[in-house]
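These notes concern the structure reproduced below.
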Amino acid sequence: MKTKINRFFLSHSNKMLLILLGILGFSISNCKKEELHNQATEYGTPSATYIVNGTIKSKLTNQPIKNIRTIIHRGYGDSTLSNQEGKFIISAHGSGDSNKETFSFSFKDIDDTLNGNYKNIDTTITFTNNKFTRGDGHWYKGGTQKDVEIFLEPKKK
């Protein structure tokens, strides 16, 4: 007798729960898009864009070095190559919620002797006392940039 009552209760309670969830699902789908977009978002993380404008030069001659791969080790590990003047631009995203943000970089000579055959280096670049521009006034603080010079040593022959 108890098992029949339990089965009856479970069967009907599951049906009631299914009906209730269906009603709630349809009620939210009937909201206008404007109502959903005008609601305040209560979650998120401050973010900012950090741009590094750099020049890569020979430590020995102070001349620019082309074809040096610059790799930033954050997020997807983005990379770029230095141009004829040794210049590169690379950006990363950070939290934007502090006055100090540090990024790890690798500089690698990928064409060996064509540009002089330089030693690879790993270094960090730190952004401090940042002044952000073009923010949206909410979670996105905007962007900031830093100019750097990187000096590579030639490999010994």
Side-chain angles (χ1 to χ4, degrees), residues 17-18 20-157:
L17 185 59
L18 185 63
L20 180 63
L21 289 174
I23 291 170
L24 290 174
F26 282 118
S27 67
I28 191 70
S29 69
N30 289 331
C31 290
K32 295 178 182 175
K33 285 184 181 179
E34 298 84 30
E35 292 173 1
L36 292 174
H37 289 294
N38 289 336
Q39 293 178 357
T41 305
E42 296 295 327
Y43 60 91
T45 302
S47 66
T49 303
Y50 296 85
I51 300 167
V52 177
N53 294 314
T55 304
I56 301 173
K57 295 181 179 181
S58 169
K59 194 172 193 176
L60 189 62
T61 65
N62 205 34
Q63 294 299 309
I65 310 170
K66 67 177 181 177
N67 293 332
I68 299 295
R69 180 167 306 281
T70 301
I71 304 166
I72 186 165
H73 301 287
R74 188 154 191 178
Y76 296 109
D78 204 6
S79 69
T80 189
L81 288 176
S82 59
N83 65 13
Q84 290 291 109
E85 292 85 34
K87 296 189 181 296
F88 70 92
I89 297 175
I90 194 164
S91 64
H93 295 285
S95 64
D97 62 348
S98 70
N99 279 335
K100 185 175 180 182
E101 193 80 43
T102 301
F103 300 93
S104 297
F105 286 85
S106 293
F107 297 92
K108 298 184 180 211
D109 184 358
I110 61 170
D111 67 4
D112 291 330
T113 58
L114 291 177
N115 65 3
N117 204 11
Y118 289 89
K119 293 180 183 178
N120 300 333
I121 64 166
D122 295 324
T123 189
T124 58
I125 296 174
T126 302
F127 287 79
T128 55
N129 300 323
N130 303 307
K131 299 205 182 338
F132 297 103
T133 59
R134 300 178 312 281
D136 65 6
H138 298 289
W139 289 107
Y140 181 62
K141 298 270 187 157
T144 188
Q145 63 183 13
K146 184 171 190 158
D147 297 326
V148 298
E149 284 188 329
I150 304 296
F151 293 93
L152 300 181
E153 291 184 34
K155 288 183 181 176
K156 294 180 182 176
K157 295 181 183 181

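For the single chain, residues carry numbers from 1 onward in sequence order. Quick note: numbers below take in every heavy atom, side chains included, and nothing from hydrogens, waters or symmetry partners.
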**Asked** To the nearest 0.5 Å, how far apart are CZ in Arg69 and NZ in Lys108?
**Response** 9.5 Å
**Message:** Within this structure, what is the CG-NZ distance for the pair Asn130 and Lys100, rounded to the nearest 0.5 Å?
**Reply:** 11.5 Å
**Asked** Going by the angle between their ring planes, with limits at 30° and 60°, are Phe127 and Phe103 parallel, tilted or perpendicular?
**Response** perpendicular
**Message:** Quick check: do Tyr140 and Thr49 have side-chain heavy atoms less than 4.5 Å from each other?
**Reply:** yes
**Message:** Any non-hydrogen side-chain atom of Thr144 less than 4.5 Å from a side-chain atom of Ile51?
**Reply:** no
**Nearest atoms (heavy-atom pairs only) where Asp122 meets Ser106** = OD1-OG, 2.5 Å
**Item:** Asp109 and Asn115 side chains, donor-acceptor separation under 3.5 Å
**Value:** yes
**Within-4.5 Å side-chain heavy-atom neighbours: Lys57 and Gln63** = no
**Asked** Under the criterion side-chain contact (heavy atoms from CB on, under 4.5 Å), which of Asn83, Asn53, Thr80 is the partner of Ile89?
**Response** Asn53
**Prompt:** Of the non-hydrogen atoms in Gly86 and Pro64, which two are nearest, and what is the gap between them?
**Reply:** N-CB, 3.7 Å
**OG1 on Thr70 to CD1 on Ile72, rounded to 0.5 Å** = 10.0 Å
**Message:** Restricting to side-chain hydrogen bond (donor to acceptor under 3.5 Å, both in side chains), what partner residues turn up for Ser104, sequence neighbours left out?
**Reply:** none
**Complete:** Scanning both residues in full, the closest heavy-atom pair of Thr55 with Glu85 reads CG2-O, 3.9 Å
**Message:** Would you say the rings of Phe88 and Phe105 are close, in the sense that their centroids are separated by under 6.0 Å?
**Reply:** no
**Message:** Measuring only between side-chain heavy atoms, which start at C-beta, is Lys146 closer than 4.5 Å to Ile125?
**Reply:** yes
**Request:** Mark yes or no for whether Ser82, through its side chain, and Ile65, through its backbone, hold a donor-acceptor pair below 3.5 Å.
**Result:** yes
**Complete:** OH (Tyr118) and CD1 (Ile110) are apart, to the nearest 0.5 Å, by 15.0 Å
**Message:** Regarding Thr126 and Glu101, do their side chains bring together a donor and an acceptor under 3.5 Å, going by distance alone?
**Reply:** no
**Message:** Rounded at 0.5 Å granularity, tell me how far CG in Leu152 sits from OG in Ser58.
**Reply:** 8.0 Å
**Approximate separation, where rounding is to 0.5 Å, of Thr124 OG1 and His73 NE2** = 11.0 Å
